[in-house]
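Since the model is a prediction, treat every value here as computed from it, not as a measurement. In this chain, residues are counted from 1 in sequence order.
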Amino acid sequence: MVQATSPWYEAYPAPKNAAPIIPRQELLQWIHDGKQAGVDFALIDLRRTDLEGGTIRGAINLPAQSLYPTIPALYSLLSSSKVKHVIWYCGSCGGRGTRAAAWFADYLEERQDSSLESLALEGGIKGWAAGGKEFTDLMDKYDESVWANLKSQ
């Protein structure tokens, strides 16, 4: 008999609170207004094995499975920068993105740090790619064939 393994995230505490969601249109507007990933906000792509089809320009790839133990180091780096918002995304932000955003929000709350905000990207990379050309033009290594079946959401 094959035993089912627990999901990777069960090795870590459940988030205490939900983090806010940032609509993809709002992030797009930030970029059009001249805000830059890595300067004004951090953009973190949590995908690991499903990292295909491209990523949003300026994103850092930090697979969700390795995130929880690195939160203190990530916080140290981000809190000493000019970054005010940390935006997390995965494939659809139905699991990894919202969980990571919530974990980081919990960490900020524990430190009583209101200088950073943790947000999950609405719809994740799938929602971004489905948004159309104005979104996909802001992706590195965009591969249209990966997203061909997505419809605008």
Side-chain angles (χ1 to χ4, degrees), residues 7-9 12 14-68 70-71 73-109 111 113-153:
W8 64 269
Y9 53 84
Y12 306 110
K16 296 174 188 157
N17 302 295
I21 304 293
I22 182 170
R24 65 178 180 248
Q25 194 65 42
E26 184 175 343
L27 177 56
L28 180 68
Q29 189 59 52
W30 287 6
I31 295 167
H32 287 318
D33 289 346
K35 291 185 179 182
Q36 297 178 332
V39 176
D40 302 296
F41 59 91
L43 191 55
I44 302 177
D45 185 338
L46 296 159
R47 296 174 297 157
R48 181 178 66 171
T49 56
D50 57 339
L51 184 62
E52 60 183 5
T55 191
I56 302 170
R57 190 162 299 126
I60 299 166
N61 180 239
L62 183 59
Q65 294 80 354
S66 65
L67 172 67
Y68 192 83
T70 67
I71 288 175
L74 186 61
Y75 170 76
S76 180
L77 291 169
L78 293 171
S79 65
S80 63
S81 73
K82 293 180 180 180
V83 165
K84 298 294 177 208
H85 306 279
V86 184
I87 302 168
W88 309 84
Y89 72 89
C90 59
S92 64
C93 280
R96 293 170 291 182
T98 53
R99 186 175 295 109
W103 277 334
F104 199 72
D106 288 349
Y107 194 84
L108 293 172
E109 184 179 285
R111 270 136 205 80
D113 185 342
S114 59
S115 67
L116 285 170
E117 184 179 23
S118 184
L119 305 160
L121 179 62
E122 173 190 52
I125 190 70
K126 290 177 182 176
W128 188 268
K133 186 168 173 35
E134 65 181 334
F135 292 90
T136 59
D137 281 351
L138 296 171
M139 290 176 67
D140 290 330
K141 298 184 180 179
Y142 174 68
D143 180 352
E144 186 175 1
S145 68
V146 171
W147 310 109
N149 293 328
L150 292 178
K151 294 181 181 173
S152 187
Q153 299 178 3

### Query
How would you list, by chain and number, every residue that makes a salt bridge (charged side-chain N to carboxylate O under 4.0 Å, His left out) with R57, sequence neighbours excluded?
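For R57 the salt bridge (charged side-chain N to carboxylate O under 4.0 Å, His left out) partners, ignoring immediate neighbours, are D140.
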### Task
Given side-chain contact (heavy atoms from CB on, under 4.5 Å), test I56 with I87 step by step and report yes or no.
CA-CA 11 Å; I56 302 170; I87 302 168; over 6 Å; no
Rounded to the nearest 0.5 Å, what separation is found between the [atom1] atom of [X] and the [atom2] atom of [Y]?
X: I44; Y: C90; atom1: CD1; atom2: SG; result: 12.5 Å
X: D137; Y: Y142; atom1: CG; atom2: OH; result: 9.0 Å
X: L77; Y: I60; atom1: CG; atom2: CD1; result: 9.0 Å
X: W103; Y: N17; atom1: CH2; atom2: CG; result: 14.5 Å
X: Y12; Y: L67; atom1: OH; atom2: CG; result: 8.5 Å

### Message
Can you pull out every salt bridge (Lys or Arg N to Asp or Glu O under 4.0 Å) where at least one residue sits in residues 77-104? Sequence neighbours excluded, please.
### Response
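Sorted result for residues 77-104: D50-R96.
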### Task
Not counting sequence neighbours, list each pair that qualifies as a salt bridge (Lys or Arg N to Asp or Glu O under 4.0 Å) and has a residue in residues 29-38.
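The answer is none; no pair qualifies.
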Of the non-hydrogen atoms in [X] and [Y], which two are nearest, and what is the gap between them?
X: S66; Y: L62; answer: OG-CD1, 4.0 Å
X: A64; Y: W8; answer: O-CZ3, 3.4 Å
X: D113; Y: S79; answer: OD2-CB, 4.3 Å
X: G97; Y: L46; answer: CA-CD1, 3.6 Å
X: D45; Y: N61; answer: O-ND2, 3.1 Å
X: A102; Y: A18; answer: CB-CA, 4.4 Å

### Task
For the pair L43 and L27, evaluate side-chain contact (heavy atoms from CB on, under 4.5 Å) and give the outcome as yes or no after the intermediate values.
CA-CA 10 Å; L43 191 55; L27 177 56; 4.1 Å; yes
### Query
Just by distance, do the side chain of D106 and the backbone of P15 share a donor-acceptor pair under 3.5 Å?
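Between the backbone of P15 and the side chain of D106 there is no qualifying donor-acceptor contact (under 3.5 Å).
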Do [X] and [Y] come within less than 4.5 Å of each other through their side chains, counting heavy atoms only?
X: W147; Y: T136; answer: no
X: Y89; Y: T55; answer: yes
X: V86; Y: L108; answer: no

Please tabulate, one pair per line, all N/O donor-acceptor pairs under 3.5 Å involving side-chain atoms of residues 116-123, not counting sequence neighbours.
{"residue": "E117", "atom": "OE1", "partner": "H85", "partner atom": "ND1", "Å": "3.1"}
{"residue": "S118", "atom": "OG", "partner": "W88", "partner atom": "NE1", "Å": "2.9"}
{"residue": "S118", "atom": "OG", "partner": "A101", "partner atom": "O", "Å": "2.7"}
{"residue": "E122", "atom": "OE1", "partner": "R24", "partner atom": "N", "Å": "3.4"}

### Task
List in chain and number order the residues that pass side-chain hydrogen bond (donor to acceptor under 3.5 Å, both in side chains) with S76, two or more places apart in sequence or in another chain; answer none if no residue qualifies.
none
### Query
Should the ring pair Y75 and F104 be called parallel, tilted or perpendicular, given that the plane angle runs from 0 to 90° and is split at 30 and 60?
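The rings of Y75 and F104 sit tilted, inter-plane angle from 30° to 60°.
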### Query
Which pairs count as ring pair (Phe, Tyr, Trp, His ring centres under 6.0 Å) when at least one residue sits in residues 37-56, sequence neighbours excluded?
W30-F41
